[in-house]
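The sequence lines fix the lettering, A, B, ..., with proteins before strands; numbering per chain opens at 1. Everything quoted here is computed from the prediction, not taken from an experiment. Hydrogens, waters and symmetry mates are skipped; everything else that's a heavy atom, side chains included, is used.
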Amino acid sequence: MRILLRTHTCGELNKKHAGMNVILSGWVSRIRDLGGIKFIILRDRYGETQVVVNPDSDAYSTAQEIGREFVIQVEGEVRERPEETKTNTLTGEIEVYASKINILSTAEVPPFFPGEKVSEELRLRYRYIDLRSKMMKDNIILRHKMAQAAREFLNKHGFLEIETPFLTKSTPEGARDFLVPSRLQKGKFYALPQSPQLFKQLLMISGFDKYYQFARCFRDEDLRADRQPEFTQIDIEMSFIDEEDILKIMEEFIRFVYNSVGINLPEKFDRLTYEEAMEKYGSDKPDRRFGMELLDFTEEFIDTEFRVVKNILEINGSVKGFITDIPISRKIASEYEEIVKKFGLGGLLWFKIENDKVISPTAKFLSNNYLKLKEKFKLKEGDVVLLAAYTNRNVLNEALGTLRLKIGKEHFSEKMKSFDALWVIDFPFLEWNEEEQRYVARHHPFTLPKNLDDSPENIKAYAYDMILNGNELGGGSLRIYNEKIQEKVFELIGLSKTEAREKFGFLLDALQLGAPPHGGIAFGFDRMVAIASGSDNIRDVIAFPKTASGVCQLTGAPSDVSKMQLEELGIIINNSNRKNQKD
RNA sequence: GGGGACGUGGUGAAGCCUGGUUAUCACGCCGGUCUGUCACACCGGUGGCCGCGGGUUCAAAUCCCGUCGUCCCCGCCA
């Protein structure tokens, strides 16, 4: 006969079930032993239910043996709690009077209990315990809901979910590849995909004009709080569309996905060009939630006699800054100054309005200029202006943008609770790589340029990023669908014909065999969920993440492999390079 | 590759600057009392070669060097 392990879950019973005989199964979250009567808090994925064990119950002797995190089965009657002992939790109006308890599985005393405040290292080593906590459980469920909403939207709009290979070809450009040695072709390697970029383009050329995939991507680069060596992208591509089509539907898509978990994003996402974003926020992923736009003060300083500023303006430099109302002092300002100095700026100027007067350590040199600013921007009591001068405008923007963001995080955490979504468009097509002394594709080399015949530094791309709360949620582009243009782009980034053939020959062939105009986007799904969950660490929305050094604390990967495995692959390890040598 | 922070019973922290007692506190765990708790309460108890290696010193958790691990940041991540 089939053994019934549960009739209900620990999250669903309420006073409507009173009088019913039920079976619950789950983990023992807490035991409160009052000497006679015992209370056991039983937990499963759905919630927690209080079990009452009376001394006269048949369950009592078993209950004596139970420890926390045991897996037990409880049979008993649902009763409404005495009025004064009701709580306002989900199942707080009832309890289950145990008539029988069955220990399904015992448990050692765990290194920590679910939800206990312990180091992340320990949580990762015993991830299955950590995942029992409410916070982690909620995050995993949130992730599921968002994934389902994404699929629902895309399916409804005619997208096909298609898988692409994990074992694929190493490509130049972009991140370092994870390599997988081939046994059948000794000495050769597959690469794990950094993204399914080329495959999704090939799918367009195959005629699947709307595609998506929850694609695992692999990049062998150093990690951060928001970066894992393997991560999930919602990868999307469409044919016969222009930039406007994509922005429009993807905006709708993101709104739908966030809406499914109760977060309402604006009806229309603003669009900033890359240049505007850099000028106003000093970042290509601006967080606009706390204002403080960068302003151009050059004009107000054009006549200054203050040496450092004057020198910079004489060689076509700029003065920029922003207005805020934070507390400021020499000490704070010098801390801020350190930030901009890292970008190469000479220093940071500041003044504040106090008793309608301009107060600043540099007032005796610059009070006229400060007064002009006070006039022009109608500065009021308590306003603080931080500003700097520098020759290179881009660097000036970035430095002030970094400072702006730091101040925002320090002083405007309330405002940081809202949501702001926008597009950044018109990215530069190329980027100068100092190290390699060549231009590299800023997005990737398959991006369609807008004005290819312009001088390299002026070429713009049909490329767009979606920004949510200062995070790059996703980015994409229209793609080149013409072999001639593709070849020209390879040339621009210094990829020789032979090299291009060798690395991307299959794409160049495909582009000659009927390629439709197409483009797409990819969203960083882990980041999407992290933002929705309110966490600033994507590890908290990944069931089994790796540490900052790429180690899986749970399994111990990466690990040594046997001599035989290496021999089969034709691989010899150079032991002098090894870390952590044990043998 | 570089910079910073941290590493003390099962867990979280204090002690370290200014070297010297039996390494402190809370939680957990074990035992006891307790029949309406909900972080049960109260009483008693258990448990640490202070990450590892080396050095300085009469003496090192404490100072110095190295190393390993974790976290954060820069570089890197089309």
Out of B:A39, B:C71, B:U70, whichever nucleotide has its closest atom nearest the side chain of A:Arg539: B:C71

Separation of atom CG in A:Leu122 from atom P in B:G7, rounded to whole Å: 16 Å

It should be established whether A:Ser549 places a side-chain nitrogen or oxygen under 4.0 Å from OP1 or OP2 of nucleotide B:U70. yes

Gap in Å between the two P atoms, one belonging to B:G20 and one to B:C64, rounded: 15 Å

Counting heavy atoms from C-beta on, name the nucleotide in B:C72, B:G12, B:G28 closest to the side chain of A:Arg68. B:G28

For A:Glu483, is the CD atom crowded, meaning more than 12 foreign heavy atoms sit under 6.0 Å from it? yes

For A:Pro110, answer base if it contacts any base atom (sugar-phosphate contacts may also be present), sugar-phosphate if it contacts only those atoms, and nothing otherwise; contact means non-hydrogen atoms under 4.0 Å. nothing

Between A:Gly35 and A:Asn537, just flag the one whose closest nucleotide in RNA chain B comes earlier from the 5' side. A:Gly35

Which is true for A:Val118 with a 4.0 Å heavy-atom rule: it touches a base, it touches only sugar-phosphate, or it touches nothing? sugar-phosphate

5′-ward residue of the pair A:Pro82/A:Phe113 relative to RNA chain B: A:Phe113

With both distances under 3.5 angstrom, what nucleotide forms a Watson-Crick or G-U wobble pair with B:U33? B:A41

Which residues pass the side chain to side chain contact (heavy atoms under 4.5 Å, CB included) test with A:Ala277, sequence neighbours left out? A:Leu272, A:Pro286, A:Val424

For A:Glu120, answer base if it contacts any base atom (sugar-phosphate contacts may also be present), sugar-phosphate if it contacts only those atoms, and nothing otherwise; contact means non-hydrogen atoms under 4.0 Å. sugar-phosphate

d(CG, A:Asp33; P, B:C40) in whole Å: 12 Å

Between P of B:C38 and CZ of A:Phe39, the distance in whole Å: 9 Å

With a 4.0 Å cutoff (strictly under), does any side-chain N or O of A:Ser119 reach OP1 or OP2 of B:U70? no

Taking the C1' atom of each, how far is B:A39 from B:C27, in whole Å? 10 Å

C1' gap between B:U8 and B:G48, integer Å: 8 Å

Test for a donor-acceptor pair under 3.5 Å between the base of B:U37 and the side chain of A:Gln50, counting only N and O atoms. yes

Tell which nucleotide pairs with B:G53, taking only Watson-Crick or G-U wobble pairs whose two distances are both under 3.5 angstrom. B:C65

Need the pair for B:A23. Rule: Watson-Crick or G-U wobble, both distances under 3.5 Å, any strand; none if unpaired. none

Can you tell me how far P of B:C40 sits from CD of A:Glu84, to the nearest Å? 19 Å

Please work out if A:Thr85 contacts a base, only the sugar-phosphate, or nothing of the nucleic acid, heavy-atom cut-off 4.0 Å. base

How long is the line joining CZ of A:Arg32 and P of B:A39, in whole Å? 6 Å

Is there a donor on the side chain of A:Glu95 or the base of B:G36 sitting less than 3.5 Å from an acceptor on the other? yes

Integer-rounded Å distance: B:C74 C1' and A:Glu398 CD: 13 Å

Please report the distance separating the P of B:A59 from the corresponding atom of B:G54, rounded so that it comes out in whole Å. 15 Å

If you measure from the C1' atom in B:C40 to the same atom in B:U35, how many Å do you get, rounded? 12 Å

Measuring from atom CG of A:Asp284 to atom OG1 of A:Thr273, what distance do you get when rounded to the nearest 0.5 angstrom? 12.0 Å

Is there a salt bridge (Lys or Arg N to Asp or Glu O under 4.0 Å) between A:Asp426 and A:Lys460 once you walk through the steps? CA-CA 6 Å; A:Asp426 285 351; A:Lys460 299 268 187 284; over 6 Å; no

Once you apply a heavy-atom cut-off of 4.0 Å, does A:Phe446 come out as touching a base, just sugar-phosphate, or nothing? nothing

Quick one: look up who B:C17 pairs with, Watson-Crick or G-U, both distances under 3.5 Å, and put none if it's unpaired. none

A:Ala441 meets the side chain to side chain contact (heavy atoms under 4.5 Å, CB included) criterion, sequence neighbours left out, with A:Pro445

Opposite nucleotide pairing with B:C71, Watson-Crick or G-U, both atom distances under 3.5 Å: B:G4

If the P atom of B:C52 is compared with that of B:A61, how far apart are they to the nearest Å? 11 Å

Integer angstrom distance from the C1' of B:G47 to that of B:G12: 16 Å

In whole angstroms, how far is the C1' atom of B:A39 from the NZ atom of A:Lys134? 17 Å

Does A:Arg227 make a side-chain donor-acceptor contact with the base of B:C76, cut-off 3.5 Å? yes

Check every strand shown and say whether A:Arg219 touches a base, only sugar-phosphate, or nothing at a heavy-atom separation below 4.0 Å. base

Under 4.0 Å, heavy atoms only, any strand: does A:Glu431 hit a base, just the sugar-phosphate, or nothing? nothing

Choose from B:C77, B:C29, B:G75 the nucleotide whose nearest atom is closest to any side-chain atom of A:Asp222. B:G75

Donor-acceptor pair under 3.5 Å: do we get one between A:Arg81's side chain and the base of B:C38? yes

When rounded to the nearest Å, what value does the distance between P atoms of B:A14 and B:G51 take? 14 Å

Is the number of heavy atoms from other residues, nucleotides or ligands under 6.0 Å of A:Tyr274 OH greater than 12? yes

CD1 of A:Ile40 versus C1' of B:U35: gap in Å, rounded? 15 Å

A:Arg224 (side chain) and B:G75 (base): donor-acceptor pair under 3.5 Å: yes

More than 12 foreign heavy atoms under 6.0 Å from NZ of A:Lys409: is that the case here? no

Within 6.0 angstrom of A:Glu108 CD, more than 12 heavy atoms from elsewhere: no

